[in-house]
Amino acid sequence: MPLSSLSDAQIYTSTEKRDVKKVPFVELLENRLQGIVSSGSDIERVYVSYFEAGSLNYCCSTNNNRPCGGLRGSPCGHLGALLDEAIIQFGFETVGRFLHIDMTQTDSAQAILTRAGHNTGIFAGEIFSRFLSDLELLELPNSHIPLSAMTWFNG
Amino acid sequence: MLENLTIEPNGVRAIRTTIADLDACFLYGFVGGRYEILDALPSLFESTPLHRRIQDSVQMLTQNTFVEAHFVTLAAARSALQGTLYDLLRHHALAALGRVSSAVNAPSITPIRTDPLLDSTREWLMELAIAGFARLESEAVTSFYSTLAQLRTNPATVSHAAMLTGFLHELLNALPVKSADEVPLLRWVDLWSRAMLDAVGLADSPTTIPVSGSLYPLGAELHQHSRFASLIVYAILKQADTIQWVRQTWSSFKATAIQGNEIWLLFPQAQPLLEHLIQGKSMTLCDMPMLPNGDLLWDTQAVESGKKFKPLDIALEYCGVGQALSATPLPPLERHPVQLAEPIALTDYTIQGNQLHLKEGAILALDVRRSGLTQEELIGTTAILGLLQYDEGQWSIQALLTNNAAGKFEYAGRAGMELLKKPPKTSTVSILQERASRLLRK
Ligand SMILES: [Zn+2]
């Protein structure tokens, strides 16, 4: 058992730059790799997309709960972008482990996509509210007082 | 002198063992658990103010009477043990550095105001403890979301919110716990105890003292988790008759996509001080508010640009072994070995593997968990300023500043500082801020 007070999870930093315009939010939560993908044409519209760990079943819909037109028996471009950006944000290892992928046989986002399951047809609107909560963090005021409790978060 | 550092002071091992025994209760939780350590705990605190309370709480806990006050007692007992370790180790380190601890007559801070959100926080923490970290279920963790969101919006609870946000997401990411061996028990009970004590109530912040003199910024580091970051700048403050090691902290919540060097872009207020750090220029303070243990509360009206200086000369002059630097301890409730961070400046060393070998024989490990300069960056350097730290029963040095034989400086975090100096037109921060203002104000 680890006997350190500090976190041994090194915060992953990619050499590649995240495209937050395209994918402003991505997370690995409970059983899903999920996030928000911007529409290429309409600034007001975003897509809510996810993959389930293990089965690699997926879904993609608009934030107004309409099905994504790009889903035709395989993951759409939004899901592809979501996966790419997840790999940049968290690292291929972490994403692969989270999705329960056999890493000895899979070495790229493309290889993960070829093993995708089927469209669940279950829209996950709550991902959009999680995105809004993530953005709300940016609106909170800064502070300039000492916060010794943050010492545990060594980064 | 420094070679004495690695000799373990008396009492350290015994206290660490007691903490590990106590932490074992938190692995499988308190329901039906029968732990010898709980029976032994009161006698360890005999003739301390906590004795009576521990006696009562232990009795109730072993009868499965789960009231949040008894868990506060456990947090207090554990914090007292970690605080004693901090005092022992700090005293030991100061002796090895040839320094005397400066006394602080800061009044101890007592929580005076309760808050319904803090009541919910203690409830939540109690539920975690009852369940045990190896048996946590996600509902038990996520039930705290809405309280947490409210804690974040109140400036008085920013410290609580910052820590609890990190703790909650760390727990969530670790679920489901596949094996008890994976639980970082010491760390999680540390976070649990600190959060529990912080949630007892809100205290008035201690009175500040105005300080004036020359400020020599010498280093900086980030503390961070996925949704929050703190930037800490370290400096020497030279007042009329005292030389003191001081800090300035800036903190910000962040969207999870903001990572790496872009985190520095969250701190435009820090730019003037960081600019002076990079350029090796001092600042002149005039009645800058400072907390009793050396934390400045930055006021742009209280500062002016000063003269050029040589950072490692200043570091060696005031933070070298045997120099009488004044460094004040943390307030009692915050004392914990993880908080030890004595400044230390060294020359005459070689870097061998992940260790710093001093000419007179002492060996110090280079810190690998925190955001200091790496082994590669230190090879071939001739002087170093770092923070002396303690974790896993071992001392290490987190390097903040160094120079090579040609006199070239290197700072931990330089790339981030340079990014902040010339912020790009678009960045993850600016794109998401723009999105936030568009989406959240609809
Ligand atoms: Zn789609």
Side-chain angles (χ1 to χ4, degrees), chain A residues 1-15 17-31 35-36 38 43-44 46 63 85 88-90 94 98 128 130-155, chain B residues 138 149 152-153 155 158-159 162-163 166 170 172-173 175 181 183-187 190-191 194 198 205 222-225 227-228 230 247-257 259-260 266 269 291 295 297-298 330 334 336-339 369-371 391-392 428 431-433 435-436 439-440:
Chain A
M1 191 173 294
L3 276 175
S4 170
S5 285
L6 295 171
S7 167
D8 58 1
Q10 291 291 317
I11 288 186
Y12 179 81
T13 348
S14 171
T15 47
K17 206 160 155 37
R18 269 276 275 116
D19 186 346
V20 282
K21 268 205 173 115
K22 198 172 186 186
V23 181
F25 179 61
V26 55
E27 66 175 348
L28 308 172
L29 186 76
E30 299 190 32
N31 195 39
I36 295 293
S38 308
I43 193 166
E44 292 298 319
V46 296
N63 52 323
E85 293 298 311
I88 297 175
Q89 182 156 330
F90 304 107
T94 305
F98 178 83
F128 188 67
R130 290 188 58 83
F131 168 48
L132 293 183
S133 312
D134 196 55
L135 288 182
E136 273 166 15
L137 297 176
L138 280 176
E139 304 256 294
L140 295 167
N142 282 14
S143 91
H144 74 156
I145 57 168
L147 299 175
S148 68
M150 279 303 290
T151 307
W152 273 276
F153 298 95
N154 43 299
Chain B
S138 66
R152 281 196 290 255
T153 58
V158 60
S159 171
M163 180 193 211
E170 187 168 324
L172 213 51
N173 286 339
L175 293 180
D181 290 343
V183 173
L185 193 61
L186 178 74
R187 171 173 172 79
D190 272 352
L191 292 170
R194 174 70 193 258
D198 283 354
S205 48
L222 287 180
H223 291 159
Q224 56 170 309
H225 58 66
R227 289 161 177 85
F228 192 87
S230 286
R247 290 168 298 272
Q248 168 62 42
T249 304
W250 282 281
S251 302
S252 173
F253 281 95
K254 68 181 190 73
T256 47
Q259 294 175 301
L266 295 165
Q269 322 87 303
L291 293 169
D295 284 293
L297 299 179
W298 205 250
L330 281 171
E334 295 178 29
H336 183 293
V338 82
Q339 306 288 357
R369 292 181 189 262
R370 315 192 202 215
S371 59
D391 186 45
E392 288 188 285
T428 305
I431 293 166
L432 291 177
Q433 276 169 343
R435 281 251 175 161
L439 280 169
L440 300 173

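Just so you know, these numbers use all the heavy atoms, side chains as well, and skip hydrogens, waters and symmetry mates.
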Taking all heavy atoms of A:L3 and all of B:E392, pick out the closest pair and write down the distance. O-CG, 3.5 Å

Using every non-hydrogen atom in the two residues, find where B:S230 and A:L147 come nearest and quote the distance to one decimal. OG-CD1, 4.1 Å

Using a 4.5 Å cut-off on heavy atoms from C-beta on, say whether the side chain of A:L137 contacts that of B:S252. no

Donor-acceptor pair, B:R187 side chain versus A:W152 backbone, under 3.5 Å? yes

With only heavy atoms counted, which part of A:F98 is less than 4.5 Å from chain B, the side chain, the backbone, both or neither? neither

Looking at B:P155, B:S159, B:A257, B:A149, which one has more heavy-atom pairs under 4.5 Å with chain A than the rest? B:A257

Under a 3.5 Å distance rule, please check whether B:D391 uses its side chain to pair with a backbone N or O of A:S5 as donor and acceptor. yes

Please flag which part of B:L172 lies under 4.5 Å from any non-hydrogen atom of chain A: side chain, backbone, both or neither. side chain

Leading residue by heavy atom contact count with chain A [cutoff under 4.5 Å; candidates B:N173, B:D190, B:T428]: B:D190

Count the heavy atoms belonging to other residues, nucleotides or ligands that lie under 6.0 Å from NZ of A:K17, then report whether that count exceeds 12. yes

Under 3.5 Å, is there a donor-acceptor pair between the side chain of A:E139 and the main chain of B:A436? no

In terms of heavy-atom proximity below 4.5 Å to chain B, should A:L132 be classed as side chain, backbone, both, or neither? both

Does any heavy atom of chain A fall under 4.5 Å from the side chain of B:L266, the backbone, both, or neither of them? both

To the nearest 0.5 angstrom, please state how far the CZ atom of A:R18 sits from the OG1 atom of B:T256. 7.5 Å

Measuring heavy-atom distances to chain A, does B:L175 have an atom under 4.5 Å in its side chain, in its backbone, in both, or in neither? neither

A:S148 and B:R194: side chain to side chain contact (heavy atoms under 4.5 Å, CB included), yes or no, with the steps? CA-CA 10 Å; A:S148 68; B:R194 174 70 193 258; 3.1 Å; yes

Relative to chain A, which of B:K254, B:E170, B:Q433, B:R247 shows the most heavy atom pairs under 4.5 Å? B:K254

Highest number of heavy-atom pairs under 4.5 Å with chain B among A:E27, A:M150, A:E30 belongs to A:M150

Is it the side chain or the backbone of A:F90 that comes within 4.5 Å of chain B heavy atoms, both, or neither? neither

Would you mind telling me which of A:I145, A:N142, A:L29 has the largest number of heavy-atom pairs within less than 4.5 Å of chain B? A:N142

Among the options B:M163, B:Q248, B:Q269, B:Q339, pick out the one with the most heavy-atom pairs lying under 4.5 Å from chain A. B:Q339

Please determine, by modelled atom types, if B:R435 and A:S38 share a side-chain donor-acceptor pair under 3.5 angstrom. yes

What's the verdict on side chain to side chain contact (heavy atoms under 4.5 Å, CB included) for A:E136 and B:L439, showing C-alpha distance, side-chain angles and the deciding distance? CA-CA 10 Å; A:E136 273 166 15; B:L439 280 169; over 6 Å; no

